[in-house]
Amino acid sequence: MKYLIKIEINDVEFQIHTEAAHEREARDNVWEIIRRKTTLKSIEKEAIETQEAASFGKKFAEGIRSALLL
């Protein structure tokens with residue numbers, strides 16, 4: 001049986017055509033198609049504000065100190 005499945009991502013609608021024996025298999029096929037066809041374009045590191053970075057560094061140092069004192 002042929003199925004037409006519609007999905008929406010950020011207000012953009014996509015239609016996926018698949019063949020399956022039943023609805024559950026069609027749903028599984030859609031996720032497999034999405035995994036195969038989706039490409040990771042980039043990963044970018046976001047800068048941390050200096051105040052947050054300093055407080056994290058202080059917390060990390062304090063954690064190490066307390067662990068060494070035990």
Original post:
Mind checking whether Ile16 and Ile9 sit in one hydrophobic cluster, side chains of I, L, V, M, F, W, Y counted as touching below 4.5 Å?
Top reply: yes

**OP:** Measure across Ala26 and Ala20 and return the closest heavy-atom pair with its distance rounded to 0.1 Å.
**Re:** N-CB, 3.4 Å

**OP:** Output the distance between atom CD (Glu8) and atom CZ (Phe14), rounded to the nearest 0.5 Å.
**Re:** 9.5 Å

Original post:
For Glu25, what residues pass the salt bridge (charged side-chain N to carboxylate O under 4.0 Å, His left out) criterion, not counting sequence neighbours?
Top reply: none

Got a list of side-chain donor-acceptor pairs under 3.5 Å for residues 30-37, not counting sequence neighbours?
residue : atom : partner : partner atom : Å
Glu32   : OE1  : Arg35   : NH2          : 3.3

Original post:
Can you pull the side chain to side chain donor-acceptor pair (under 3.5 Å) pairs that have at least one residue in residues 14-24, sequence neighbours excluded?
Top reply: Thr18-Asn29, Glu23-Arg27

Original post:
Under the 4.5 Å side-chain heavy-atom rule for ILVMFWY, direct or indirect, which residues accompany Leu40?
Top reply: Ile43

